Every structure is written in C-alpha cells, then in structure tokens.
Amino acid sequence: MSGVTRTPTHLTQGGTADAGIGASTLRPDGTLKVTGEFAYSSDLWHEDMLWGFTLRSTVAHAEIVSIDTSEALAQSGVYAVLTYDDLPTEVKNYGLEIQDTPVLAHGKVRHHGEPVALVAADHPETARRAAAKIKIEYAELPVVTDEASALAEDAPLVHEHRDDHHAGHVPHPNIVHRQPIVRGDAAAAARRADVIVSGEYVFGMQDQAFLGPESGLAVPAEDGGVDLYVATQWLHSDLRQIAPVLGLPEDKVRMTLSGVGGAFGGREDLSMQIHGCLLALRTGKPVKIVYNRFESFFGHVHRHPAKLWYEHGATKDGKLTHMKCRIVLDGGAYASASPAVVGNASSLSVGPYVVDDVDIEAIALYTNNPPCGAMRGFGAVQACFAYEAQMDKLAKKLGMDPVEFRQLNAMEQGTLLPTGQVVDSPAPVAELLRRVKAMPLPPENQWETTEGADIRALPGGLSNTTHGEDVVRGIGYAVGIKNVGFSEGFDDYSTARVRMEVVGGVPVATVHTAMAEVGQGGVTVHAQIARTELGVDQVTIHPADTRVGSAGSTSASRQTYVTGGAVKNTCEHVREQVLELGRRKFGTYHPAWATAELLLENGKVVTDGGEVLADVADVLEDQAIDLELEWRHRPTEPFDLRTGQGNGHVQYSFAAHRAVVEVDTALGLVKVVELACAQDVGKALNPLSVVGQIQGGTTQGLGVAVMEEIIVDPKTAKVRNPSFTDYLIPTILDTPTIPVDVLELADEHAPYGLRGIGEAPTLSSTPAVLAAIRNATGLELNRTPVRPEHLTGT
C-alpha cells in the first residue's frame with residue numbers, strides 16, 4: 001500500500017547561543033503557514049483512500065424507531081454503511097472522564113447533530129448522497145433545555161442510568177457534577193456589611209471557532225491495527241478512548257499528530273477519530289474524513305453557557321466582607337469535561353480577591369442542548385464575567401474608583417483561598433491593575449477629521465450607519481485569576497525523549513514528545529530549551545506521535561510548564577551523561593573535569609568560569625545519548641465534595657485589562673477602540689510568542705463580549721446558527737489595538753520560573769469590555785454577548 005502524503009515532518013531549527021530561553025526566536029512552521037505550504041490534517045492524502053461521512057440526527061431528543069440503510073448500500077461507489085449494530089465490541093461508549101458518549105446513537109438520540117450512521121465511499125459527494133438515503137424514523141421526546149426543565153420533579157432523564165463515580169453526591173440524575181465551597185460564615189459576615197449588592201448574570205454558549213475543521217486519515221495496517229493521522233489536542237487520551245471501541249490493544253492503534261488549524265479546547269474530545277478507524281478497518285482501505293463548517297459546529301463541544309447568581313458585601317471603607325454565589329453550567333447531552341469545569345468555576349469564583357467568608361455552589365447539568373466541554377478559560381471565564389460586574393457595582397455604591405476598590409481587596413502572595421489553599425507564588429493583582437491603568441489612553445474622537453467623520457473608525461464601521469451623532473466613549477477595567485495545569489489530584493505529567501549525537505561533525509539534539517502543537521508555539525520553545533540546556537545550535541523537533549509517552553493535553557495553559565519541564569528535565573540528564581562521558585575520556589588531563597561546575601555552550605564543554613575543556617563532538621564521537629523520561633509538577637488533591645477544601649491547583653496566572661469602547665447609543669453598535677493588557681508570565685521564554693498568546697486570548701474574550709454566541713432554540717434544542725455567516729467571530733476590522741505590558745515575577749516551583757499564560761487574558765477581556773460599555777451607557781448589562789437590542793431597548 002502506498003504511503004500517506006503530506007504528513008508531519010521533522011522541524012529542524014538552526015539557532016545560535018543567544019536563541020535559547022528568553023529570545024524571540026521565530027517559529028519553524030511560521031513561514032510554511034503564511035505561504036500556504038504547511039500540511040494541515042485536511043491536506044492528508046492516500047492514493048487509494050475512501051471518504052467517510054457521518055450522518056447526524058435532525059432532532060434533539062427522540063427514540064430511534066428504525067434505521068434503513070439499504071438504499072445507501074445500493075448506491076454505486078459506496079463501500080460501507082455502519083450503524084450502532086455494526087460496532088465490533090461490547091464497548092460502545094467513550095468519554096474524557098465519564099464514558100457516557102455513544103460512538104453511534106443507540107435506542108435514542110440526546111442532542112441535535114448526534115452521530116447515527118457512517119458511510120464510506122469513493123468520493124466525498126457520493127458519501128454525502130448515500131447518507132441522505134439512509135431512512136431513520138424518530139419518535140420525538142420532550143426536551144430538557146434549562147435548569148427548570150432539568151431539575152423539575154418530573155423531568156425527563158437525559159441519561160436513565162447514572163452508574164458513574166460522580167453520581168453519588170448530586171441531588172438529581174440530570175446534574176453531571178456538583179461542587180460546593182464553604183469557608184467561614186457568609187451569613188454572619190453579611191450582617192456586618194455596610195453595603196450588599198447582588199446580580200444574576202447570563203453567559204452565552206461560545207464556540208472555539210477554529211479555522212481548521214476536524215479531519216484525519218485512518219490507514220488499516222497489515223498487523224490488523226490502524227494508523228491514524230489526526231488533528232487533536234491529546235494523542236494519548238484519544239488512544240485510551242479509541243482502542244477499546246475497536247477491540248484492539250493500544251499498541252495496534254498508532255497515532256500521529258497532523259497539522260492543527262486551531263483548537264482552544266474543541267479538540268480535547270473525540271470527533272472523527274473512531275468513525276474513521278471503524279470505516280478503515282471495515283473496508284480494508286484508508287479512509288479520510290473532513291468536516292465542513294456546518295458539521296464542525298456539531299462535531300465538537302462548546303463553552304458552557306452559564307447562569308450565575310452572586311451576592312457580595314463590603315464595609316463602608318471598601319473591604320469585602322463575604323460572597324455567596326450559585327453557578328449553573330449547561331453541560332449539554334454528554335459529560336465531556338464538565339466535572340473539571342465545575343471544579344474550576346467553583347474554586348475560582350471569588351476571583352483574585354481576599355474574601356474570608358464564602359458560600360459557593362457550582363453545578364453542571366445534563367440537557368438536550370449541544371454537549372459542552374473545554375474551551376480556553378475553562379469555567380473561570382464565566383465566573384470572571386460575573387464577579388467583575390459585582391466589583392463595579394460595589395465600587396459604584398461605595399463611591400470608590402473601581403480600580404482602587406479592586407486593589408484594596410486584591411490577593412497577594414500568601415493569601416488563603418476559599419478552598420484553604422495558600423497562594424505560594426507571586427500574585428501581583430494590584431500591580432497589574434496599576435500598570436494597565438497607567439497605560440496611555442487612545443486619543444478621543446479619533447474618527448473626527450477636518451473633513452468630517454471617518455466612518456471607518458466609528459461603530460458599525462464600513463456599513464455607513466452613523467456619522468458620530470450619538471457616539472459616546474466608555475472605559476472599563478477587569479482582572480482575573482486562572483489555574484494552570486490539571487487539578488484536583490490528576491496525575492499531570494509529561495514525557496520527553498531527547499537524543500544527542502554528532503552529525504557532520506556538529507552536535508545535534510532531537511526532541512520527541514507527544515505534545516500537540518495547536519498554535520501555541522511549543523515546537524519553538526522546546527528547541528529553545530534544548531539549546532539552553534545542551535548548548536547546541538541545531539535542534540530537530542520530531543513529529544508528535546504515540547511512540548513516545550504521553551505529553552498530556554495541550555490545554556489548561558500547561559504545555560510550556562509541564563512538557564517544557566519534561567524537555568528541560570530530560571535535557572539535564574542527557575547533559576549529565578555527556579559530561580560523565582567527558583570525565584571518563586578527558587578527566588585525567590584537567591582537574592576542572594572533577595572540580596568545576598560544567599556546562600554545555602556553543603557545542604563545547606565549559607566551566608562556569610568560561611574555560612573551554614573540550615568540543616562536545618570529541619566527547620560523543622560516534623556515540624549517541626538517547627533518553628526518554630517523565631516529569632511531574634507538585635501534586636494536587638481533590639476538593640472535598642462537601643466543603644470544597646483542598647490544594648486543588650498547582651499554579652495561578654493573573655491578567656488585567658482596560659477596555660476603551662465607543663458606543664452608538666441610538667443604533668446599539670459598539671466599537672472596541674483598545675484593549676490594553678498587563679499580565680504576569682513568570683518568565684517569558686519567548687517574548688514574541690508571549691505577546692501573541694496574550695493578544696489572541698484577548699481577542700477571543702472580545703468576541704464573546706459583543707458578538708459570539710451559539711443560539712439554541714429553547715423549545716426544540718436545535719442549533720440555529722451553525723455557520724460563520726450567522727455565528728460571528730472578530731475579524732481584523734473588529735480587533736482593536738492591544739498593547740501588552742508583560743510582568744515577569746518568577747514562580748520558584750516552576751521550570752525557569754514560568755507561568756502558564758494562554759488562558760488568563762481570555763478571562764478579564766470580556767468583563768472589561770462590558771464594564772466599558774456600561775460606563776458609556778449607564779446600563780446594567782448582565783448578559784453576554786451584548787447585542788444592539790440590549791443597548792437600545794428595542
């Protein structure tokens with residue numbers, strides 16, 4: 001069988017001694033991506049491959065009365081049609097934490113767009129036409145769409161049998177997970193408050209909206225296994241879920257990461273992986289599946305929509321007395337990452353503030369809405385939207401400056417969190433607020449020119465809807481706290497294999513991990529780490545696959561910390577073996593081999609005083625050093641299911657934003673003029689990439705503030721806008737200037753002192769924009785995204 005074309009290749013990076021940690025080295029895949037030469041998973045090709053297609057339910061909740069595939073099978077060019085009855089093993093479900101998601105629907109469907117049947121054909125259009133000929137008879141059932149319908153005494157059960165380990169502490173089978181956090185006496189503290197404010201907040205369903213759709217290629221192997229090339233966020237998690245359904249041992253399901261066109265959490269769950277493998281093993285031919293944009297909206301989880309009720313109290317001098325909150329997350333039809341999202345939402349619901357007395361409850365519901373799971377910010381985004389609105393309400397009621405009020409109550413290193421965990425690394429919340437407030441403001445009325453209004457700079461942009469008659473400016477601030485890494489006792493580790501050898505007389509390092517490069521720049525940072533620790537110029541990054549141990553997920557802002565830590569750790573052991581080899585070869589010629597601190601720099605063995613002892617090429621000669629090691633950060637522990645106490649997180653990151661907006665109050669249009677950010681990153685391993693991550697996260701927060709929302713019909717639970725025509729994301733015309741102030745306060749527990757950065761800017765950008773719109777309009781605005789009708793009352 002011919003080989004696969006356009007698969008990932010080794011990325012070889014040349015550098016210099018100053019291209020290590022702290023340098024803004026360029027991405028090795030950057031030029032390929034901007035010139036269109038980079039191979040994404042949708043570019044995969046095999047000369048004799050078939051095309052797969054997934055038929056999805058047209059209703060949200062129904063019994064499947066019958067499925068007739070005869071007409072589809074009879075169509076010319078069709079090689080296979082599979083339904084639930086064709087699955088090869090007794091393992092029919094999969095899932096990240098709870099295995100409640102069917103590979104193909106059986107007996108009933110639980111959400112709009114649920115996979116029901118698979119088709120493999122010799123052309124993608126043939127596969128689609130054949131799928132359209134599959135006849136399915138549904139008997140529709142009542143839908144569960146919100147908290148009231150989910151928790152009613154006679155509510156239909158989304159899952160009739162709850163046998164997972166989370167079910168024991170929840171009061172209703174339609175609750176996926178519940179996490180209370182109780183510390184102190186919130187009721188007594190409320191009686192001491194001079195001012196109390198409360199609010200109910202609604203956060204809409206956001207889509208990850210990555211530009212590269214779900215896609216992959218499954219190739220059957222001669223040993224009865226399968227080779228899967230796919231865009232994902234966690235190869236080994238996929239493998240753990242795929243192999244049992246196929247009835248294969250994990251070593252016969254070989255996975256290789258293909259080019260990923262964005263992820264943001266939407267690729268943590270499986271999409272086409274099992275479907276492609278099933279069709280390949282059934283037909284004996286390679287099968288490629290590529291979703292179109294419509295399918296992509298149904299093929300991955302979304303951000304949990306949420307309803308949040310908050311109460312805060314404060315003394316007349318501005319000190320917080322207590323906080324109560326209830327957070328209800330809509331998890332949709334299947335669990336996905338909902339338990340972990342609940343843990344984050346509850347444990348971070350206070351925000352980066354000192355509050356001794358709290359009464360918190362967070363739950364996630366099963367409904368017949370689309371499944372929700374991981375998305376950048378992971379539970380903390382929804383909470384930040386609410387608690388920052390509360391901070392503004394309190395400051396206004398107390399007559400205080402909103403930034404000064406936040407600074408007065410800001411946590412710092414040593415603060416005791418409501419979970420009982422001590423923040424044992426820098427927490428510069430007040431300083432970040434000071435910095436972002438001190439940034440120069442953009443000039444007012446930039447749209448005014450000597451010739452009149454420049455409509456391109458006004459709300460509504462080039463639509464020519466206004467000439468500035470009703471435009472007012474607003475400024476708003478927000479700050480957030482996000483955990484880094486997996487939490488609540490999860491064994492969060494990564495693996496790195498590093499090989500050092502001499503090629504053409506030059507020492508070269510090869511770094512091999514299973515880290516999914518989804519755009520975060522890990523392939524760049526890994527090379528920088530290898531250069532720093534091994535003193536080499538040439539570093540090759542091996543394609544990510546399952547031939548090396550797990551790297552965990554590219555999520556939770558963890559990869560630079562954990563897989564970067566694994567690369568650093570393995571490089572240190574490789575370096576020590578190089579030095580030991582040198583000691584054995586040359587130790588008798590110079591006492592420094594035994595007495596001095598030795599380093600590898602610029603291809604040489606040097607003392608810490610800079611004396612050169614040998615060339616690394618002479619030490620290694622024709623010998624290669626090849627090590628594969630696991631690395632773990634400090635352990636965490638589960639939160640108590642009654643009180644929420646526990647050291648649940650390994651690290652925290654902080655970001656603050658200032659938004660400047662202009663609002664056309666007559667038309668309800670908003671233009672975000674600037675979104676300034678200050679963020680502590682611990683150590684900027686690649687400053688250019690750091691700024692890019694902060695600006696990207698900020699833009700996603702802007703999107704959910706003013707435009708992004710998946711609309712689900714509350715009566716039918718059907719998705720109304722599964723396209724980029726109707727689901728809007730910020731374009732370059734919507735993206736404002738985003739000045740960034742990077743603070744580097746090292747976390748002594750982390751490699752190089754770094755702090756995960758990818759998610760924190762997504763938290764505070766949204767409430768900062770809302771605060772600025774409130775400042776401009778005087779409206780309360782407790783819902784996101786803000787729509788024109790919210791601003792005009794129409």
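If you're wondering where the values come from, they're calculated on a predicted model, not measured in any experiment. In what follows, residues are counted from 1 in the order of the sequence shown. Heavy-atom basis, side chains included; hydrogens, waters and symmetry copies ignored.
Sorted by first and then second residue, the pairs that involve residues 415-428 and meet salt bridge (Lys or Arg N to Asp or Glu O under 4.0 Å), not counting sequence neighbours, are Asp424-Arg634. Judged as a ring pair (Phe, Tyr, Trp, His ring centres under 6.0 Å), not a single pair has a partner in residues 409-433 (not counting sequence neighbours).
Side-chain contact of Gln651 with Asn483: a donor-acceptor pair under 3.5 Å is absent, judged by distance alone. Side chain to side chain, His236 and Thr546 fail the donor-acceptor criterion of an N or O pair below 3.5 Å. A donor-acceptor contact under 3.5 angstrom links the side chains of Thr554 and Gln559, judged on distance only.
Partners of Asp238 by side chain to side chain donor-acceptor pair (under 3.5 Å), not counting sequence neighbours, listed by chain and number: Thr232, Gln273.
Ion pairing of Asp356 with Arg183 is absent here, as no side-chain N (NZ or NE/NH1/NH2) approaches a carboxylate O to less than 4.0 Å. Ion pair Arg406/Asp392 flagged as a salt bridge, since at least one NZ, NE, NH1 or NH2 atom sits closer than 4.0 Å to an Asp/Glu carboxylate oxygen. Under the 4.0 Å criterion applied to side-chain N and carboxylate O atoms, Glu744 and Arg755 are not assigned as salt-bridge partners. Ion pair Asp492/Arg558 flagged as a salt bridge, since at least one NZ, NE, NH1 or NH2 atom sits closer than 4.0 Å to an Asp/Glu carboxylate oxygen.
A cation-pi arrangement is present between Lys33 and Phe38 under the rule of less than 6.0 angstrom and at most 45 degrees off the ring axis. Annotation: cation-pi pair Lys568/Tyr752 present, NZ/CZ under 6.0 Å from the ring centroid and within 45° of its normal.
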Carefully, step by step, assess Phe639 and His649 under the rule ring pair (Phe, Tyr, Trp, His ring centres under 6.0 Å).
CA-CA 10 Å; Phe639 296 123; His649 301 304; 5.6 Å; yes

Chi angles and distances behind the ring pair (Phe, Tyr, Trp, His ring centres under 6.0 Å) call for Phe210, His300
CA-CA 11 Å; Phe210 39 73; His300 62 258; 4.7 Å; yes

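The two residues Arg267 and Gly261 come nearest to each other via the heavy atoms NH2-O, 3.7 Å. Considering every non-hydrogen atom in both Ala530 and Val511, the closest pair reads CB-CG2, 4.1 Å.
Counting heavy atoms from C-beta on, the side chains of Val518 and Gln233 come closer than 4.5 Å. Annotation: side chain of Val539 is not in contact with side chain of Gln528 (no heavy-atom distance under 4.5 Å).
Remark: Ser557 OG to Gln520 CD distance equals 10.5 Å, nearest 0.5 Å.
Checked against Gln700 for a side-chain hydrogen bond (donor to acceptor under 3.5 Å, both in side chains), the options Gln206, Arg303, Arg376, Gln208 give a single hit: Arg376.
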